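Quick note: residue numbers are just sequence positions, from 1. None of the values given here were measured: they were computed from a predicted structure.
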Amino acid sequence: MAMEQGLDLVEIAPNSNPPVCKILDYGRYKYQAQKKAAEARKKQKVVEIKEVKMRPNIDTHDYEVKMKNMRRFFESGDKVKVTLRFRGREMAHQDLGMKLLMKVKDETAEIAKVETHPKMEGRQMMMVLAPISR
């Protein structure tokens, strides 16, 4: 029947009893599957990790600018890695750094969730925030 119509006989379910076959144009079927896969790849969003660097004694205006940037990153669907850099004697006041990161966490609570809680890595304290998907 497939030869009469100039089409291909394609085996769909070989393990069933009896095996299921379909008469179709196999080249066209492969082309459509390829198009569907390309469309799915096009709609995919790659999540980037943006980094925001701060210091423990950051000024209010600088802090507000960093927070504005973070909100913009969350709106575009990116994750944010907040890095707090300690220099010299600031290492003795890690509690100030922890307070600053908790402040960031509280201010972004409605738009982001903590993915990695604040932790020290050498002279840096880091925290990763991810946008809350809606």
Roughly how far, to the nearest 0.5 Å, is the [atom2] atom of [Y] from the [atom1] atom of [X]?
| X | Y | atom1 | atom2 | result |
| --- | --- | --- | --- | --- |
| D62 | R55 | CG | CZ | 11.0 Å |
| T116 | K79 | OG1 | NZ | 8.0 Å |
| M67 | T108 | CE | OG1 | 5.5 Å |
| M127 | H117 | CE | NE2 | 9.5 Å |
| I23 | M1 | CD1 | CE | 4.0 Å |

For E107, which residues count as a side chain to side chain donor-acceptor pair (under 3.5 Å) partner, sequence neighbours excluded?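 Expected list: Y63.
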At their closest point, which heavy atom of [X] faces which heavy atom of [Y], and how far apart are they?
| X | Y | result |
| --- | --- | --- |
| H93 | R89 | CD2-O, 3.7 Å |
| P131 | D78 | CD-O, 3.4 Å |
| M125 | F86 | CB-CE1, 3.8 Å |
| M98 | P118 | SD-CB, 3.7 Å |

Name of the residue among L96, L101, I58 meeting side-chain contact (heavy atoms from CB on, under 4.5 Å) with L84: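 Passing option: L101.
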Would you find more than 12 non-hydrogen atoms of other residues, nucleotides or ligands less than 6.0 Å from [X] atom [atom1]?
| X | atom1 | value |
| --- | --- | --- |
| Q34 | CD | no |
| R85 | CZ | no |
| E11 | CD | yes |

[X] with [Y], same ILVMFWY side-chain cluster at under 4.5 Å:
| X | Y | result |
| --- | --- | --- |
| M120 | V114 | yes |
| F74 | M126 | no |
| M102 | L129 | yes |
| V52 | I111 | yes |

Checking [X] side chain against [Y] main chain: does a donor-acceptor pair fall under 3.5 Å?
| X | Y | result |
| --- | --- | --- |
| D8 | Y26 | yes |
| K66 | K53 | yes |
| E90 | R87 | yes |

Salt bridge (Lys or Arg N to Asp or Glu O under 4.0 Å), that's the test. Do K113 and E115 meet it? Break it down for me. CA-CA 6 Å; K113 62 182 181 286; E115 196 169 84; 5.9 Å; no
Beyond-backbone contact of Y29 with D25, side-chain heavy atoms, under 4.5 angstrom: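 SC-SC contact between Y29 and D25 ruled out.
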For a 4.5 angstrom cut-off between non-hydrogen side-chain atoms, does V82 reach M70?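 In short, these two side chains touch, coming nearer than 4.5 Å.
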Evaluation steps, side-chain contact (heavy atoms from CB on, under 4.5 Å), between L7 and L24: CA-CA 6 Å; L7 298 172; L24 53 87; 5.8 Å; no
